[in-house]
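Below is one structure, written out as structure tokens; the observations come after it.
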Amino acid sequence: MDPRADTGRDLGTTLAPEVTLAYDFDTIIERHGTSSLKWDFEQKFAGASGLLPLWVADMDFRAPPEIVEAVRKRVDHGVFGYTLEPESWFEAAAAWLVRRHSWTVRREWMLASPGVIPSLAAAILALTDPGDGVIVQPPVYYPFALRITGNGRRVVENPLLLSGTRWDMDLDGLSLLIDERTRMLVLCNPHNPVGRVWEKTTLQRLAEICARRNIVIVSDEIHADLVMPGFTHVPIASVSEAAAAVSVTLMAPTKTFNLAGMGGAIVLTPDAGLRGRIEKVHRALFSGVANAAAVAAAEAAWRHGDRWLDELLLYVAENYRFLERSLGQALPAVKVFPLEGTYLPLLDMRALGLTDALLRERLLRAARVWLDEGAMFGRGGEGMQRVNIACPRGLLAQALEQIGGALAGQQTYCLGP
Ligand SMILES: Cc1ncc(COP(=O)(O)O)c(C=O)c1O
């Protein structure tokens, strides 16, 4: 594919003229043939071929050159024996958290982990018993429920409330559904797939309720760094003493810097009791050995990734504006929810009047674009689709043109608003 072939000015895909980026996010990089989940497994998972994949949450951008260089240096060494995270890795992570999130953490709060979801599973095993209730707030990242039920615990749903285009937590509802077998709440902040960056006051109220009712909060903050201009991520453990005492925070550089194929995460728990129990399960489940490339990549990311990330966020914000504008023209019945964080805006397609099965069929067979179905994220996601906009604008433009072409006629039949 010609990298910039589709990014002509007439498509309106160029960045606002006053913004010049030092890094290149426009070039379309061929990812077929790299065992990419997003690009190489369409027959297996979507049952179709020739799709533009805007589904799973990785980016079609190269990682920052400093990371590529650090990994290259490590690869060139050629010996890949057992590896551990050195102290400098933890120092780099702590410095990143202060710099990016104004959160001062202590070294002893941190545990290295193979990934956010493995550590969520470990926290469930460590801090709840079989049959206990674990709260999730759908629509939300579906692997939460899979880890809860897969480990013999019960999913307790506290669905988000939708008012207009704004999603909020139902904190009154939460208080009512907690019983003596409810032990944990899995928070998603920023919230995938609704794109909310939860405010400090909401987090304070949530922590107050959980502290009062003996509920541990496992806060998945893997999208913490991916916050749109004008919004600020607030780590839940930083909002109050009560929150610090009842929370386990999961973070990683993998989403931020497109390193998901390497793995690696950090678990942060100020409370020594919670930490000790999680550490014990980590020891029972994991070897403690790290991926050599991931260790090099993460430290380089935290030490040198600021400028690249700042530019990435500008590019994604512009992609979001482009998405809004394009869909507004081509499919005005489709509403784009506001994007405060993540690079995964949610589209409300209910007004098209299609069932989820038909919508999926049209997107895959007619538009030849692969999105993630909202219904997959649980209650409240029906009739919606999540779109991954962390890709070159030319690719996004192509996908939106195909979606517009395939669904435009639909609106004439729709009875919805
Ligand atoms: C909210 C959320 N948590 C966790 C993950 C995956 O984390 P990991 O690959 O470290 O297990 C994702 C990936 O999309 C995610 O969106």
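Just follow the structure's listing: the first ligand is 1, and inside any ligand the first atom is 1.
- Proximity to G115 (heavy-atom distance under 4.0 Å) selects the following atoms of ligand 1: 10 (O).
- Residue-ligand proximity, A57 to ligand 1, at heavy-atom distances under 4.0 Å covers atoms 14 (O).
- Remark: side-chain polar atoms of H223 are not paired, donor with acceptor, to backbone N or O of Y343 under 3.5 angstrom.
- Salt-bridge check for R386 with D372: passed, with a basic side-chain N closer than 4.0 Å to an acidic carboxylate O.
- The shortest contact between atom 7 (O) of ligand 1 and any protein heavy atom is with I222 CD1, 3.3 Å.
- Taking the six-membered ring where tryptophan is involved, the planes of W55 and W370 are essentially parallel, since the angle between them stays under 30° and well short of 60°.
- Partner of D225 under the side chain to side chain donor-acceptor pair (under 3.5 Å) criterion, out of H101, H233, R100: H101 alone.
- Using a 30° and 60° split on the angle between ring planes, F144 and Y141 fall in the perpendicular class, above 60°.
- Counting heavy atoms closer than 4.0 Å to ligand 1, residue D220 contributes side-chain atoms (C-beta onward) but none from N, CA, C or O.
- Residues R62 and D24 are not paired through a salt bridge, judged by the lack of any N-O separation under 4.0 Å between the basic side chain and the carboxylate.
- Atoms of ligand 1 found under 4.0 Å from any heavy atom of P118, numbered from 1 in the order shown, are 11 (O).
- For atom 9 (O) of ligand 1, no protein heavy-atom neighbour is present inside the 4.0 Å cut-off.
- R283 meets the salt bridge (Lys or Arg N to Asp or Glu O under 4.0 Å) test with no other residue; sequence neighbours excluded.
- The distance from ligand 1 to the heavy atoms of C188 drops below 4.0 Å at these ligand atoms: 1 (C).
- Residue P143 places every heavy atom at 4.0 Å or more from ligand 1.
- Here's the thing with V116: one of its N/O atoms is less than 3.5 angstrom from an N/O atom of ligand 1.
- Shown in contact with H223 at under 4.0 Å from a heavy atom are these atoms of ligand 1, numbered in order with element: 1 (C), 15 (C), 16 (O).
- Ring pair F25/W308: centre-to-centre distance below 6.0 Å.
- Among protein heavy atoms, atom 11 (O) of ligand 1 sits closest to I117 N, 3.0 Å.
- When each atom of ligand 1 is checked for a heavy atom of K255 under 4.0 Å away, the hits are 12 (C), 13 (C), 14 (O).
- For the pair R213/T182, no side-chain contact is recorded, criterion being any heavy-atom separation below 4.5 Å from C-beta on.
- Given atom 5 (C) of ligand 1, the protein heavy atom at minimum distance is Y141 OH, 3.3 Å.
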